[in-house]
2 protein chains.
Amino acid sequence: MDSIADDAGGKRARGLDRAFEILDFLRQNRRALKPNEIAAQIGAPRSSVYELVNLLLRNGILEFTGGDGRVFLGRKLYFLGAAYENHFDFTRECENALEWLAGETRETAQFCMLDGNKYMVVRVKEGARPFRIATDVGRLIPIPWTASGRLLVSHLSNEEILAFIPKSDFRLPNGEWLEPQTFLAEVRQAEKDGFFTFNSIVDSFTHCFAVPLKDESKHPVATLCLVTPRDDGLANRDHYLSCLMKAAVSLRDATRTQPS
Amino acid sequence: MDSIADDAGGKRARGLDRAFEILDFLRQNRRALKPNEIAAQIGAPRSSVYELVNLLLRNGILEFTGGDGRVFLGRKLYFLGAAYENHFDFTRECENALEWLAGETRETAQFCMLDGNKYMVVRVKEGARPFRIATDVGRLIPIPWTASGRLLVSHLSNEEILAFIPKSDFRLPNGEWLEPQTFLAEVRQAEKDGFFTFNSIVDSFTHCFAVPLKDESKHPVATLCLVTPRDDGLANRDHYLSCLMKAAVSLRDATRTQPS
DNA sequence: ATCATATGTACATTATAATGGACATTGACG
DNA sequence: CGTCAATGTCCATTATAATGTACATATGAT
């Protein structure tokens, strides 16, 4: 009942929450929208959305773009994001690690994190294969659908995990139901191993590898992954895993917060 | 009386404005701060700041970091900024242009924009000189202090410019007073020429070159600049200018919004 | 010990922000 | 033409958010 937003029943929503709901909605749609569309799709009062959008426009958080009064995320957000990136300076090292991984394995390498209670690919370096496996940076995916998901919640207790992940996210895209207990067992195993690999459950031809990146308090904050064709993944399993481990170690220091 | 925030007299500030004031303040300080410090330094009621900070923490807009209850910009902002960057996909091209400029001239090349009513270096590529001229990415500088400043306000009328730029920004760092009329004349000349160059008025040893990048409605949205030692700048003036022009043309398409 | 300062929490008050309409405009479509 | 849906603006109402204040605790100086 926290993280994103809770559209409970009859209470008024707070402006700030609504505002960030709007921003997140635009991010996920990845295109400019009219205030009216936004209001309709997030189920908020039109008058409220218009008011907030105007407020955000005045602050440069949103910008008119695409014509017809459509708005999208604004320059100010880019500046703020850049400041974050600059402070927690993992980007350069991360890019290097992905580069090295993709070069070493010729597979698609990814840097992934949680966004709220969803999994998200933050950065990707495509492999050098003729048929590359594409992934969408920034798209939100249910945690149980991914190998990384097993690692990214491993600091939570079983109860916390079940409370954290929406029940419906255990329904796989093919309609099958992933038993939460199965998922929890895999989380615990992954936590013990320090990695997780499996034949992807969202398609029939990929194998996924993931290793965690932990912060100073040993909480997983991100993962490095490889997405490979199944046969390659199985054939090179040991090599790929050791590559991931090596990359993770090289990133360990970079992901840390530098105090003061 | 818009853009950033107006700490007028006795009215209550709006939460959203206050919130983004906090975010901007953190960005400019470039380090984690305690809510108490923030409140003191931006002149806001402590109780309000605590409330907002907690709200922002819950949304991932702010994060605890640095210990002692200090907070800094959060991961969510990075995601939002990345979405902006991805949508207005100028970054890759921009990086290329700066790379090329720095290589061609061996001088420091910059990509600059306005942030509210201040000038800001967004990206920089240091030149290959033994003594490089350093600049701070993200620091806010009064518009009249910079060559780019002449270009970035050129779409405004004289009256609008004077209303837009705080009076105190015409006071140069050495204490001298830059006559606004002089500045306006330079703006109009720069607009006509399509570039602006001068011996920097913030130090005694650099020469600056700037050319505008315009959007589809011919408004300048950014500049490309070179910062050079004075003698080099004067000696290579024509070459440097033509490089900048060339780079600007190559970026022209990339900075445009791609509709739908 | 005594005082001052920095820091976080709790709560009542009241200015106001979020909301639900009403209203106006436009364009598509029969 | 009339009708409907989409879009934007305006405004009164009331739930609540922003604030001031008091309180609690640590820390350090005197």
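The sequence lines fix the lettering, A, B, ..., with proteins before strands; numbering per chain opens at 1. Only a predicted model underlies this, so the values are computations on that prediction, with no experimental measurement involved.
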Colleague: Rounded to whole Å, please give me the gap between CG in B/Leu33 and C1' in C/dG8.
Modeller: 16 Å
Colleague: What ring-ring contact (aromatic ring centres under 6.0 Å, His included) pairs are there with at least one residue in residues 13-43 of chain A, not counting sequence neighbours?
Modeller: A/Phe20-B/Phe20
Colleague: Quick one: B/Leu52 CG to C/dA17 P, roughly how many Å, whole number?
Modeller: 13 Å
Colleague: Please list, chain by chain and in numerical order, all residues satisfying side-chain contact (heavy atoms from CB on, under 4.5 Å) with A/Pro166, sequence neighbours excluded.
Modeller: A/Asn117, A/Lys118, A/Ser168, A/Asp169
Colleague: Can you tell me the distance, in whole Å, between the NZ atom of A/Lys34 and the C1' atom of D/dT9?
Modeller: 16 Å
Colleague: How long is the line joining CG of A/Asn36 and C1' of C/dA24, in whole Å?
Modeller: 14 Å
Colleague: According to the salt bridge (charged side-chain N to carboxylate O under 4.0 Å, His left out) rule, which pairs have a member within residues 32-56 of chain B, sequence neighbours left out?
Modeller: A/Arg14-B/Glu51
Colleague: A/Ile38 has an atom CD1; how far is it from atom P of D/dT7, in whole Å?
Modeller: 11 Å
Colleague: What protein N or O atoms touch nucleotides 9-16 of chain C N or O atoms at under 3.5 angstrom, if any, and at what distances?
Modeller:
residue	atom	partner	partner atom	Å
C/dT14	O2	B/Arg12	NH2	3.4

Colleague: Do the side chains of B/Asp24 and A/Lys76 get close enough for a salt bridge, i.e. N-O under 4.0 angstrom?
Modeller: yes
Colleague: Any ring-ring contact (aromatic ring centres under 6.0 Å, His included) involving residues 49-78 of chain A? Give me the pairs, sequence neighbours left out, ordered by first then second residue.
Modeller: A/Phe72-B/His87, A/Tyr78-B/Tyr84, A/Tyr78-B/Phe90
Colleague: Name all residues meeting the side-chain contact (heavy atoms from CB on, under 4.5 Å) criterion together with B/Ala222; count only those two or more places apart in sequence or in a different chain, and write none if there are none.
Modeller: B/Phe111, B/Met113, B/Leu213
Colleague: Out of D/dT19, C/dT7, D/dG8, which nucleotide sits closest to the side chain of B/Glu37?
Modeller: C/dT7
Colleague: How close or far is atom P of D/dG8 from atom CG of A/Leu57, stated in whole angstroms?
Modeller: 12 Å
Colleague: Taking atom P of C/dG27 as reference, at what distance in whole Å does atom CG of A/Asp68 sit?
Modeller: 11 Å
Colleague: Expressed as a whole number of angstroms, how long is the span from A/Glu51:CD to D/dC11:P?
Modeller: 14 Å
